[in-house]
Every structure is written in C-alpha cells, then in structure tokens.
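All residue numbers in this chain count up from 1 along the given sequence.
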Amino acid sequence: MRAAMTRIRFKGAAAAAAAVAMAVVLTACGGDDGADEPASKPQGSSSSSSEQESEKPAPDEVDESQILATVKGSNGVEVVVNSAARESGGFVTVKGTVTNGSDQSFSADGWQGGEQELVNNHASVAGASLVDQQGKKRYLILRDTDGKCLCTRFVGGIAAGAKAPFFAQFPAPPADTTEVDFQIPTMPTATIKISG
C-alpha cells in the first residue's frame with residue numbers, strides 16, 4: 001500500500017514539474033511583436049535604465065535673473081549662461097539660453113565638436129567644454145554609452161528671433177576650483193563661476 005501511495009505522489013510531482021516547465025517554454029517562445037506586453041507599458045518605451053536616463057532631459061527651467069556670462073557669436077547668435085552648479089553625482093550642470101537674433105533658422109552647426117564619438121549629436125552643444133585654468137585641465141561634456149551627450153539637442157534648430165534654453169553636464173573639477181572657462185565651438189570663451 002505504501003509503495004502505491006509513493007508512486008501516486010511521485011506521478012503528481014512529476015506532472016506538476018512538467019506543467020511548470022511547459023509554462024516556461026510557452027512564455028519563452030512568445031513572439032516579439034509586442035502583443036504580449038502589458039497594457040500599462042507605453043509602446044516604444046525602453047526597459048533599459050541607461051537609455052531612459054539619457055533620454056530624460058534635465059529640467060530646463062532656467063533662472064534668467066542671474067547672468068554669469070554673455071557671449072555673442074556670428075550671425076546674431078547669443079549665448080547667456082545663467083548657472084553652473086555642482087551636483088551630488090560629481091558633475092557640474094551649466095544652464096542658460098541661446099537666442100537666435102538672425103533672420104534665418106539656427107541649427108548649431110559645429111557646436112557638436114570634432115570628436116568622432118559626438119558626430120551624431122548634431123544641433124546640440126555636445127562640443128562644449130569647461131577649462132580649469134588653475135588645474136590645467138579640460139572637462140569634456142558627459143555622454144551616455146551610445147555616445148549621446150548629456151546636453152540639450154535643438155531638434156529642428158532655433159527659429160529666427162527665437163530663444164531656447166540649454167543645459168550641458170560635465171565632470172566636476174576639484175572642489176577648490178570655483179571659476180572655469182566655458183567654451184562652445186565657433187563661439188568666444190566665457191569665464192563663469194561654479195556654485196555649490
């Protein structure tokens with residue numbers, strides 16, 4: 001009698017294990033057409049946290065009451081730097097505005113810089129840098145693993161007569177460095193103070 005009960009229990013356990021294995025196989029064989037994705041997940045959203053962080057823009061509220069520097073370039077383009085703040089993650093965020101005082105759209109040609117990694121960052125401030133004259137170091141703009149800068153991209157350019165906010169993030173210089181030169185390719189250099 002005990003042998004019969006043991007066989008029944010063994011068959012039941014084997015059947016349960018087979019059911020679990022079948023469920024796993026069916027789940028793994030699902031198509032990748034997105035039909036089995038949960039309804040709460042928006043289509044086209046990425047599950048990679050690094051991609052989400054790189055696409056999430058820094059807050060573009062710019063406090064225009066404070067002006068650290070104003071730089072005028074050719075064709076009526078003006079860059080105003082309103083803040084350069086140390087952040088807790090060991091980086092500096094520079095914020096400001098770009099005004100297109102010309103009569104045609106401004107696409108920030110050349111502002112992406114000459115680095116091969118940054119070639120795909122058109123219409124952005126990807127080529128910007130901070131220069132620590134005291135420490136004799138240049139800090140290039142931060143970027144994600146896909147080579148996208150942690151900065152504003154002016155999608156579609158800036159219309160004639162329009163103003164657009166910008167941000168750019170850099171590794172932080174040493175804590176005792178309070179002044180740096182902010183450089184954007186094709187524009188004059190501006191000396192700015194770092195807060196925080």
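A donor atom on one side chain and an acceptor atom on the other are not found under 3.5 Å apart for T177 and Q134. A donor-acceptor contact closer than 3.5 angstrom is absent between the side chains of T189 and D181.
When all heavy atoms of A126 and I141 are compared, the pair lying nearest together is O-CG2, 3.0 Å. Nearest heavy-atom pair across G73 and P188 is CA-CD, 4.5 Å. Nearest heavy-atom pair, P171 versus L140, reported as atom, atom and distance to 0.1 Å: CD-O, 3.2 Å. Shortest non-hydrogen contact noted between F167 and T152 is N-OG1, 2.8 Å. Scanning all heavy atoms of the two residues, the minimum distance from I184 to A128 falls at CG1-CB, 4.1 Å. Across every non-hydrogen atom of K163 and T99, the tightest pair is CD-OG1, 3.4 Å.
Put simply, V80 and L130 are part of two different groups of oily side chains (I, L, V, M, F, W, Y) that touch within less than 4.5 Å, one to the next.
Taking the centre of each ring, W111 and F166 stay at or above the 6.0 Å mark.
Inter-residue side-chain proximity for R138 and Q183 is flagged as met; some heavy-atom pair is nearer than 4.5 Å. T191 places a side-chain heavy atom less than 4.5 Å from the side chain of E179. Inter-residue side-chain proximity for M187 and V79 is flagged as met; some heavy-atom pair is nearer than 4.5 Å. Y139 has its side chain within reach of D132: a pair of non-hydrogen atoms, C-beta onward, lies under 4.5 Å apart. For the pair P173 and V92, the minimum side-chain heavy-atom distance is below 4.5 Å.
Residue V180 forms a side chain to side chain contact (heavy atoms under 4.5 Å, CB included) with just one option from I192, V94, V131, and that option is I192.
Listed for the S102 side chain is a donor-acceptor partner under 3.5 Å among the backbone atoms of Q104. At least one donor-acceptor pair closer than 3.5 Å links the side chain of N82 to the backbone N or O of Q66. In this structure, D146 contributes its side chain and K148 its backbone to no donor-acceptor pair below 3.5 Å. No donor-acceptor pair closer than 3.5 Å links the side chain of N100 to the backbone N or O of G161.
Here the CZ atom belonging to F170 is positioned 8.0 Å from the SG atom belonging to C151, to the nearest 0.5 angstrom.
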L150 and R143: CA distance, side-chain angles, deciding distance, side chain to side chain contact (heavy atoms under 4.5 Å, CB included) verdict = CA-CA 5 Å; L150 299 182; R143 59 202 79 162; 5.6 Å; no
Checking side chain to side chain contact (heavy atoms under 4.5 Å, CB included) for the pair T178/K193: CA distance, chi angles, key distance, verdict?
-> CA-CA 6 Å; T178 57; K193 284 187 183 280; 5.6 Å; no
